[in-house]
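Order of appearance sets the numbers: ligands from 1, and atoms from 1 within every ligand. The structure presented is a predicted model; accordingly, all values stated were derived computationally and were not measured. Below, each value reflects all heavy atoms present in this structure, side chains not excepted, and no hydrogens, waters or symmetry copies.
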Amino acid sequence: MAELVLTKHRGVKDIERIDVYEQFGGYEALTKALKEMQPAEVTDMVIKSNLRGRGGAGFPAGRKWSFLPKDPALDKHLLCNADEGTPGAFNNRLLMEFNPHQLIEGCIITSYAIGARYSFILVRGEYELARKRLEAAVEEAYAKNYLGQNIMGSAYSLDLLVQRGAGSYEVGEETALIECMEGSRGQPRQRPPFPAIKGLYQKPTVVNNVETICNVPHIVKNGAEWFLGIGAPNCPGTKVFSISGNVKNPENYEAPMGTTFRELIELAGGMQDAAHPLKALMLGAEPPILPASLQDTPADVDSVAKVGSALGAGAMIVLDDRQCIIDMTLRATEFFAHESCGKCTPCREGCPWMAKILERIEHGLGRMEDIDLLADICANIAGKSLCALGEFATGPVASSVKYFREDYERHIAGYACRLPKELAEVGA
Ligand SMILES: Cc1cc2nc3c(=O)[nH]c(=O)nc-3n(C[C@H](O)[C@H](O)[C@H](O)COP(=O)(O)O)c2cc1C
Ligand code: SF4
């Protein structure tokens, strides 16, 4: 059994309470950082550990922190991205609900490293329990002087605010998150300037994902070498995978980065029904769909990118041969059409257009030329939109056309929603 890091104390009664968290070594990393390390040393340690962002892009966290201006007179902010909106991802929710102090300790250490005086956690609007637990934990942390003026007698002071989002996938995009935090409509900003230069309230800002920040206390406590010893060579540590769909035990599972998708399915109890083998994997709604033939790919940022998809937020929707790829692609595309903020034309117009075409194919009303039309629309959205949502919307469409063209052709030929096996059964 691989070493658990972030979910090690899952199941410990009342771990969300500060006294219980402390009994299990909680806030020891903060004590070490404040008493034994300079902020730059914390950043250096995280750079050495090669902690890659868990929010989707896999950007090295320590390097991101190092982009902030060093001037101590300048206000800086940490904004923790707890907006988790990717379909099929529910790992941030688990981390916040079962052990909110792990995240808060990570936020305090990260804020210390970057020199932030004020920090923020923007929590997805629907995550009521997570927000309540975080707010209660923040109150406890103030009472123990892990937050507030001169933390634990040091020269460092920090205030941390938990803010409820309004419930939107697009708000997870870092500049939209900043807009939302400022009270504006959650739409992306033009970049540059990047948040590291002008972010929240026009101040240099680091935006990091919940799981990224939860790793920080463990790295500070155990060292960069320890972290580098877990997971994949270029993508160390563990990942909490949200595994759902046609597996026996859908749940969150923590596993070392680089565990193969086949092994992750086994971790979730195996396929739901042995008579129905794996057809495809959706790593959320946005990354390109992977066919079953790629299930031995190691689940880490670079290995998944190498086979043309993306690890994303760690969602893994397992589809067996009873599932219709066109239907799944349609659902993902409808999601993007709904979530598109409408600020730029290719995404605003292209997403609903693709959904409309997929819907007619799904209902047996498609035309053969629709397949190339979909590919053409994808080419006109990707790389031509203001934020990555446009690009994301093309992931399931382009990949399903690439790997499952036959399914499209069958639907269009009049066998809508009939999978090859079922067609064979009725002699089609
Ligand atoms: C449409 C869209 C939605 C996103 N949603 C999230 C999200 O829910 N949570 C998240 O951490 N990052 C999300 N991101 C990525 C963020 O923009 C940002 O890269 C991330 O929070 C950085 O954190 P990390 O470096 O720790 O991974 C999203 C990006 C896009 C384009
Ligand atoms: S790509 Fe879509 S979500 Fe992003 S700014 Fe443009 S319209 Fe809005």
Within a distance under 4.0 Å of any heavy atom of [X], pick out the atoms of ligand 2 and give their elements.
| X | answer |
| --- | --- |
| S340 | 2 (Fe), 7 (S) |
| G342 | 7 (S), 8 (Fe) |
| S385 | 1 (S) |
| E170 | 3 (S), 4 (Fe) |
| L386 | 5 (S) |
| G390 | 1 (S) |

Give yes if a backbone or side-chain nitrogen or oxygen of G172 is under 3.5 Å from a nitrogen or oxygen of ligand 1, and no if not. yes
What do you reckon, does N81 have a nitrogen or oxygen under 3.5 Å from a nitrogen or oxygen of ligand 1? yes
Residue and atom name of the nearest protein heavy atom (relative to [atom]), distance in Å to one decimal:
| atom | answer |
| --- | --- |
| atom 6 (Fe) of ligand 2 | C344 SG, 2.2 Å |
| atom 8 (Fe) of ligand 2 | C341 SG, 2.4 Å |
| atom 2 (Fe) of ligand 2 | C347 SG, 2.3 Å |
| atom 27 (O) of ligand 1 | G55 N, 2.7 Å |

Please check if the number of heavy atoms outside W226 that lie under 6.0 Å from its CH2 is greater than 12. yes
Does some non-hydrogen atom of G85 fall short of 4.0 Å from ligand 1? yes
Strictly by modelled atom types, are Y403 and S293 linked by a side-chain donor-acceptor pair under 3.5 Å? no
May I ask you to check whether E105 and Y21 show a side-chain donor-acceptor distance below 3.5 Å? yes
With backbone taken as N, CA, C and O and side chain as the heavy atoms from C-beta onward, which portion of [X] lies under 4.0 Å from ligand 1: side chain, backbone, both, or neither?
| X | result |
| --- | --- |
| Y169 | both |
| E174 | both |
| T212 | side chain |
| K64 | side chain |

How about Y169 and F335: are their ring centroids closer than 6.0 Å? yes
Before we go on, tell me: are the rings of Y27 and H101 under 6.0 Å apart, centre to centre? yes
Report the residue from E179, E173, E174 that forms a salt bridge (Lys or Arg N to Asp or Glu O under 4.0 Å) with R189. E179
Before accepting this row, confirm whether a basic side-chain N of the pair E28/K32 lies closer than 4.0 Å to the acidic partner's carboxylate O. no
Answer yes when R405 and D372 have at least one side-chain N-carboxylate O distance shorter than 4.0 Å, and no when they do not. yes
Verify, without hydrogens or angle tests, whether S154 (side chain) and I151 (backbone) share a donor-acceptor contact under 3.5 angstrom. yes
Is any N, O or S atom of C387 under 2.8 Å away from atom 4 (Fe) of ligand 2? yes
